[in-house]
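What you see is a predicted model, and the numbers here were worked out from it, not measured in a lab. Each chain gets a letter, A, B and so on, in the order its sequence line appears, and its residues count up from 1.
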Amino acid sequence: MRYSKMLLPTLKESPSDAEVVSQKLMMRAGMIRKVAAGIYTLLPLGLRAVRNVERIIREEMNRAGAQEVSMPVVIPAELWQESGRWDEYGKELLRLRDRHDREFCLGPTHEEVVTDMVRREVRSYRELPLNLYQIQTKFRDEIRPRFGLMRGREFVMKDAYSFHATAESLDAEYENMYRAYTRIFERCGLAFRAVEAETGAIGGRFSHEFMVLAESGEDAIASCAKCAYAANIERAEVREPEALKPASGQAVERVSTPGMKTIEEVSAFLKTRPELMIKTLIYETDKGLVAALVRGDHQINEFKLKKVTGAQWVKLAEEAQVQKATGAPVGFAGPVKLSIPIYADFGVRNISDGFTGANELDAHLKHVNASRDFHAAYADLRNAEAGDRCPRCEGTFEIKRGIEVGHIFKLGTKYSEAMGATFLDEEGKERVITMGCYGIGVGRTAAAAIEQNHDEAGIIWPRPLAPFDCMVLPVNVKDEETRKAAEALYDELRSEMEVLLDDRDERAGVKFKDADLIGIPVRVTIGERNLKQGKVEIKERRSGDVRLVDLKEAAVEVKKSLS
RNA sequence: CGGGGCGUAGCGCAGCCUGGUAGCGCAUCUGCUUUGGGAGCAGAGGGCCGGAGGUUCGAAUCCUCUCGCCCCGACCA
């Protein structure tokens, strides 16, 4: 490709609304342009990178035995009504009507469509297992789209759905997909971890998220420094702490704490530490109000709370309900003499001579001991933190941030049952198909690659994703010798790789800056001075290494740099 | 959905408080000079100041409504 013919509008400054590096660099490198909130156009350079991600995904999915299909973006409401999600999914589902006033939605995911197809076409266990995937545009009307391609409303996703006669078959396919995903992200040149994740209401023993490690990641993951255990912080198991420390035996005492509501205020006022405070949160659930206790320096985890209480949903109680349950305004709740069910994190059991709210305005209690002064059901209720002990070994947790680029999980029979997707087994008995589903955010993967591979000057593409493998940069196209050498090298390389020839009549500095910005792995610079010696310069974007080689050897040297 | 902020040339911004008919840098176009890390000089083009309504002799500027965008939170699994 000739730079002079390419729509590649680079920017010196990043747009003011760009927040994360990948978004800034994709804008500046002329890869994407925003059309509306969370909706982008991919320009030629951006599309090339995204196509590379897609190519790798296709190759590995096909290799893993999956078959590509293409399902519609516009989906009739009936299918979603059948699965029950038309009412459940909420406002993220963009709904629309056609000219006959029939209802449709833009597909945010395709379980319904694929299940509908399979129930029509698959009759026998002989046709199973089956894994169907597509790479296609999805729409989710996110409340707050941000970070460019990382969290758009319209985005390209690879979604795969597998269908099985037995749970064992699903397990095998899950493993198969796990390996395929590992290969995909390895080939993309990404540093990632597969972590255990929440499955939500969907079931299955566990699911795995594939996280690209990056500061800007929206998810926090806890990983063991010693063993392979890694989990989304929402799910990471926190071990029950060791033996209790002996209590002083002093009786509970009421202390006045006028206007002190937060852990920070109270602990400062009472000259103690947050670790010695029992944070008491009142939650409203479908089973009534409950109290949840965690140590003052810990964070409650609502997923864990939900699981422990067996509730369908939990949410922090309103002011009035707190007043009703505790007899005090928010900020003075405590477990002592509380009449609603109490769930406490293991860490609370460890507190002796602790501090907590007195269920009375402007008052707290001290010398509180869990075992003596109140009764609670103990469980793992908090978010994991750095330094927590690993549940699997003697190591401790590190907390890292990650970008979720892939997610695999076992669906079970949620959709097949609701929609009547069945097959006949060996005995001619009708049974419900068991399903798995496997997603990859395509644009997000490209963005994540930039988050992980850039420097001050711009993008540093991992070679497999690079829009071009090599860039040929004649310093001065008006110089006949330079131009001829560049054209010749361009033609030679072009038969073997994707080459960008910067044939623009621009100053050298401009061309160098653009080259660094768009981050092509190898750059061949052809200038008059070196050319007189029969030499050209090869620069590797990642290492910055520069070497002079014979013009005749240039093509070979480029390939050497790329290998 | 709650709170905050911003819409002025392709991009980044000033002007608004204190009304007088729009400006800076970058980009674009022309010419000359320059040519290995975002050149210099000279000249040029480009804006219904997000939209509608109001106040006023006069509105980018003040008021009301509206649309869009951004940030924080809640939401989402």
Nearest whole Å is fine: how far is [N] [atom2] from [X] [atom1]?
X        : N     : atom1 : atom2 : answer
A:Gln23  : B:C69 : CD    : P     : 14 Å
A:Asp141 : B:C75 : CG    : C1'   : 13 Å
A:Asp505 : B:G36 : CG    : P     : 13 Å
A:Leu11  : B:A9  : CG    : C1'   : 15 Å
A:Ile408 : B:A77 : CD1   : C1'   : 16 Å
A:Lys532 : B:G36 : NZ    : P     : 11 Å
A:Lys24  : B:G12 : NZ    : C1'   : 13 Å
A:Ile300 : B:A74 : CD1   : P     : 15 Å

Separation between the [atom1] atoms of [N] and [M], rounded to whole Å:
N     : M     : atom1 : value
B:A74 : B:G2  : P     : 16 Å
B:C63 : B:G20 : P     : 15 Å
B:C69 : B:C11 : P     : 15 Å
B:A9  : B:C72 : C1'   : 32 Å
B:C13 : B:A27 : C1'   : 14 Å
B:C32 : B:G68 : C1'   : 45 Å
B:C41 : B:G7  : C1'   : 36 Å
B:G47 : B:G53 : C1'   : 23 Å

With a 4.0 Å limit, can you tell me whether [X] has a side-chain N or O closer than that to the phosphate oxygens OP1/OP2 of [N]?
X        : N     : answer
A:Thr525 : B:G36 : no
A:Arg507 : B:U35 : no
A:Arg144 : B:C71 : yes
A:Arg28  : B:C11 : no
A:Ser16  : B:C13 : yes

Could you identify the nucleotide paired to [N], looking across every strand shown and requiring Watson-Crick or G-U wobble geometry with both distances under 3.5 Å?
N     : value
B:G20 : B:C57
B:C49 : none
B:C32 : B:G40
B:C26 : B:G10
B:C75 : none

Inset, instruction - For A:Arg151 and for A:Ala37, find the nucleotide of RNA chain B with the closest heavy atom, then tell me which residue's nucleotide is more 5'. - result: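 The 5'-side residue here is A:Ala37.
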
Legend entry - A:Glu302 or A:Phe147, whichever maps to the more 5' nucleotide of RNA chain B: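 It is A:Phe147 whose nearest nucleotide is closer to the 5' end.
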
Legend entry - Under 3.5 Å: donor-acceptor pair, side chain of A:His454, backbone of A:Ile450: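 Between the backbone of A:Ile450 and the side chain of A:His454 there is a qualifying donor-acceptor contact (under 3.5 Å).
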
Minimum-distance nucleotide to [X] side chain [options: [options]]:
X        : options             : answer
A:Lys478 : B:U34, B:G38, B:G36 : B:U34
A:Arg529 : B:C69, B:G36, B:G37 : B:G36
A:Glu92  : B:C11, B:G36, B:C76 : B:C76
A:Ile143 : B:C26, B:A74, B:C69 : B:A74
A:Arg146 : B:C71, B:C69, B:G37 : B:C71
A:Glu19  : B:A39, B:G36, B:C72 : B:C72

Any base atoms under 4.0 Å from [X], or only sugar-phosphate, or nothing? Heavy atoms, all strands.
X        : result
A:Arg140 : nothing
A:Lys511 : nothing
A:Asp479 : nothing
A:Arg153 : nothing
A:Arg33  : nothing
A:Glu13  : base
A:Lys539 : base

Legend entry - Heavy-atom check, side chain of A:Arg28 versus side chain of A:Gln23, under 4.5 Å: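 Counting from C-beta outward, A:Arg28 and A:Gln23 never come under 4.5 Å.
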
Inset, instruction - Over 60° means perpendicular and under 30° means parallel, so classify the ring planes of A:Tyr229 and A:Phe397, tilted if in between. - result: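 A:Phe397 and A:Tyr229: parallel rings.
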
Legend entry - Whether A:Tyr89 and A:Trp80 hold their rings parallel, tilted or perpendicular, with breakpoints at 30° and 60°: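 A:Tyr89 and A:Trp80: perpendicular rings.
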
Compare every heavy atom of [Y] with every heavy atom of [X], then report the nearest pair and how far apart it is.
X        : Y        : result
A:Met61  : A:Ala160 : CE-CB, 3.6 Å
A:Tyr490 : A:Arg2   : OH-N, 3.9 Å
A:Asn301 : A:Ile233 : ND2-O, 3.8 Å

Legend entry - Test item: side-chain donor near acceptor, A:Gln136 and A:Asp159, under 3.5 Å: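 The criterion, which ignores hydrogens and geometry beyond distance, is not satisfied for A:Asp159 and A:Gln136.
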
Legend entry - Other residues, nucleotides, ligands: >12 heavy atoms within 6.0 Å of A:Glu218 CD: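 Atom CD in A:Glu218 is packed in, count exceeds 12.
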
Any N/O donor-acceptor pair, [X] side-chain to [N] base, under 3.5 Å:
X        : N     : value
A:Glu537 : B:G36 : yes
A:Arg523 : B:G36 : no
A:Asn476 : B:G36 : no

